[in-house]
Novice: 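The structure under discussion is supplied below as structure tokens; questions concerning it will follow.
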Amino acid sequence: MNTPSAALPVIVIGSGIAGLTTALALAPRKVLLITKAGLGQQTSSAWAQGGIAAAVGPDDSAELHLSDTLAAGDGLVDEEAARFILTRAADAIHWLERQGAQFDRTSDGEFSLGLEAAHCRRRIVHASGDASGASVVNALIRQVLDTPSITVMAGAQAQRLTVAEGRVVGVEIAAGGSTETLLGSAVVLATGGIGGLYEATTNPTGNFGQGIALAARAGAALADMEFVQFHPTALASPRTPLALISEAVRGEGAQLRNERGERFMADVPGAELAPRDVVARAISAEIARGGRVFLDARPTLGNRFAARFPSITALCQDAGIDPAREAIPVRPAVHYHMGGVATDLAGRTRVEGLWAVGEVAATGLHGANRLASNSLLEATVMGLAAAKDIARTTPHPAPAYLEPVEPRRVAPPDASLRALVSRSLGVLRHEAGLKQAINQLRPLALAQGSDAALVALTIAAFALERRESRGAHARTDFPQTSDQPTRQFLTLPEIIERTRAVENAPLPLTA
């Protein structure tokens with residue numbers, strides 16, 4: 001433990017857009033980039049179809065973008081955080097271009113801008129049509145591999161954050177059948193979302209909130225954990241995870257119809273381009289009554305579908321569907337988590353030495369319901385902000401001694417846990433289901449040490465506390481929206497204490 005602190009690398013865990021951006025922006029400072037799969041694999045960033053929301057059009061402004069973000073967030077957007085991130089959108093796009101990202105442009109050289117739900121302007125900057133995420137991730141990967149200050153450790157699973165003297169000083173990883181502790185001058189979580197906790201998700205199934213569990217066990221505060229966004233239009237097929245039919249398809253005029261041919265969103269404000277929570281609940285209601293839902297792009301796109309959406313066309317064809325000639329069967333699926341590790345606008349958590357960026361973090365930008373394509377923007381802006389903050393932070397001396405700890409093994413959620421989470425923490429929630437989930441999850445999280453159960457328990461605890469319906473959190477027993485919107489912040493000890501009485505309470509009898 002005699003390594004000089006200045007010689008220790010910054011440890012970045014995760015290789016989506018947030019992690020790659022942070023690592024690149026820290027150059028020439030030494031960075032150890034840890035990823036449990038290959039670079040950019042098992043990351044939602046690479047699967048993002050729509051693009052990046054940025055007010056770069058001649059008829060647009062950051063204020064209009066802010067107004068749309070506030071409306072979609074249903075009263076819980078942190079306006080300071082939103083303004084900080086949205087006003088840096090153009091700079092983020094230009095930074096990505098300098099890293100080699102090539103965004104689609106019109107014949108006169110301007111950005112080709114798409115329209116997505118709840119945006120009042122065309123402001124979605126995209127690349128390679130509907131393969132924006134993959135295009136940007138691949139450009140950043142090329143830069144990372146060409147940056148001498150960045151060392152990549154692939155195939156390594158973060159098991160536990162190492163804490164000494166009240167601050168995070170490293171991470172315990174499992175790789176190649178053994179475990180070891182790696183020390184760092186700072187640790188950045190960029191581990192993505194929680195979709196792997198659910199049966200129906202558009203996320204990589206290996207993403208089940210590991211970063212949230214790491215941070216919570218290290219003492220960080222969590223925020224907004226109850227807000228899980230269901231994308232309204234995943235391709236209804238046996239595929240796991242489900243393929244996404246981007247909101248941009250509806251932005252081009254595709255309509256939602258049920259099996260009777262009825263356009264059931266026609267009379268809803270915004271129709272097919274209403275906020276995601278509204279559309280997801282409407283589709284869920286159609287399916288709950290035994291119906292089916294289809295996205296019909298034939299009248300507006302027809303034979304042009306493949307040129308505008310080549311990746312989606314391939315996904316549909318894999319399922320035996322020709323979107324130019326057939327309506328696409330769709331259903332809601334978990335797509336994004338608005339909650340996560342509470343951070344400030346430098347990506348700092350409430351634990352010294354620990355930063356969090358991207359979907360694992362909760363800056364307050366998304367409120368109760370993320371506005372489409374704000375996620376990759378946040379990942380880029382906050383990756384740059386965290387790198388800037390870390391670069392000007394004086395490293396602490398390396399710890400002289402670390403307490404020995406038992407190695408831990410992180411296991412993905414099994415089928416029974418995913419079924420429980422899907423049943424109790426889905427699009428519609430109620431008290432009995434939430435309490436039943438807490439009863440079953442608490443012993444798994446505490447006695448058995450399951451990280452997946454721990455993350456699910458935090459979602460259930462936050463959801464039980466929020467006795468209203470707001471944004472992506474809908475309760476059948478509290479359908480009204482409170483007139484006093486408040487974000488929730490809880491630490492793991494607080495969550496354990498608040499769920500203790502629920503676990504010990506008798507469950508209501510059911511027929």
Novice: Please check if any side-chain donor atom of Glu165 sits under 3.5 Å from a side-chain acceptor atom of His396, or the reverse.
Specialist: no
Novice: How about Asn374 and Thr69: does a side-chain donor come under 3.5 Å of a side-chain acceptor?
Specialist: yes
Novice: Where do Cys316 and Ile328 come nearest, in terms of heavy atoms and distance?
Specialist: SG-CD1, 4.0 Å
Novice: Does the side chain of Tyr336 pick up a donor-acceptor pair with the side chain of His231 at under 3.5 Å?
Specialist: no
Novice: Run the side-chain hydrogen bond (donor to acceptor under 3.5 Å, both in side chains) test on Ser373 and Glu116 for me, step by step, so that the C-alpha distance in whole Å, both residues' side-chain angles and the decisive distance to 0.1 Å come before the verdict.
Specialist: CA-CA 8 Å; Ser373 291; Glu116 292 185 1; 2.9 Å; yes
Novice: State whether a side-chain donor-acceptor pair under 3.5 Å links Thr363 with Glu378.
Specialist: yes
Novice: Could you go through the salt bridge (charged side-chain N to carboxylate O under 4.0 Å, His left out) check for Arg250 and Glu272 one step at a time?
Specialist: CA-CA 6 Å; Arg250 281 174 280 141; Glu272 279 81 6; over 6 Å; no
Novice: Are His126 and Phe111 an aromatic pair by the rule of ring centers under 6.0 Å?
Specialist: no
Novice: So Leu113 and Thr106, side-chain contact (heavy atoms from CB on, under 4.5 Å) or not? Walk me through it.
Specialist: CA-CA 9 Å; Leu113 300 174; Thr106 62; over 6 Å; no
Novice: What do the steps show when you test Glu97 against Arg105 for salt bridge (charged side-chain N to carboxylate O under 4.0 Å, His left out), and what is the final call?
Specialist: CA-CA 12 Å; Glu97 286 189 307; Arg105 292 181 178 268; 2.8 Å; yes
Novice: Between Arg121 and Leu64, is any pair of side-chain heavy atoms under 4.5 Å apart?
Specialist: yes
Novice: Do the ring planes of His65 and His119 sit parallel (below 30°), tilted (30 to 60°) or perpendicular (above 60°)?
Specialist: tilted
Novice: For residues Pro204 and Ser44, determine if any side-chain heavy atom of one lies less than 4.5 Å from a side-chain heavy atom of the other.
Specialist: yes
Novice: Looking at Phe84, I'd like to know if the NZ or CZ of Arg88 sits under 6.0 Å from its six-membered ring centre while staying within 45 degrees of the ring's axis.
Specialist: yes
Novice: Do Thr393 and Arg348 have side-chain N/O donor and acceptor atoms under 3.5 Å apart?
Specialist: yes
Novice: Are any side-chain N or O atoms of Lys36 and backbone N or O atoms of Ile13, one a donor and one an acceptor, separated by less than 3.5 Å?
Specialist: no
Novice: Do Arg29 and Ser149 meet the criterion of a side-chain donor-acceptor pair at a distance under 3.5 Å?
Specialist: no
Novice: Please tell me whether His335 and Thr202 have a donor and an acceptor in their side chains that are separated by less than 3.5 angstrom.
Specialist: yes
Novice: Is it true that Asn369 and Asp74 share a donor-acceptor pair across their side chains at a distance under 3.5 Å?
Specialist: no
Novice: Examine the side chains of Gln229 and Arg276 and answer whether a donor and an acceptor come within less than 3.5 Å of each other.
Specialist: yes
Novice: Among side-chain atoms of Thr181 and Glu172, is any donor-acceptor pair under 3.5 angstrom?
Specialist: no
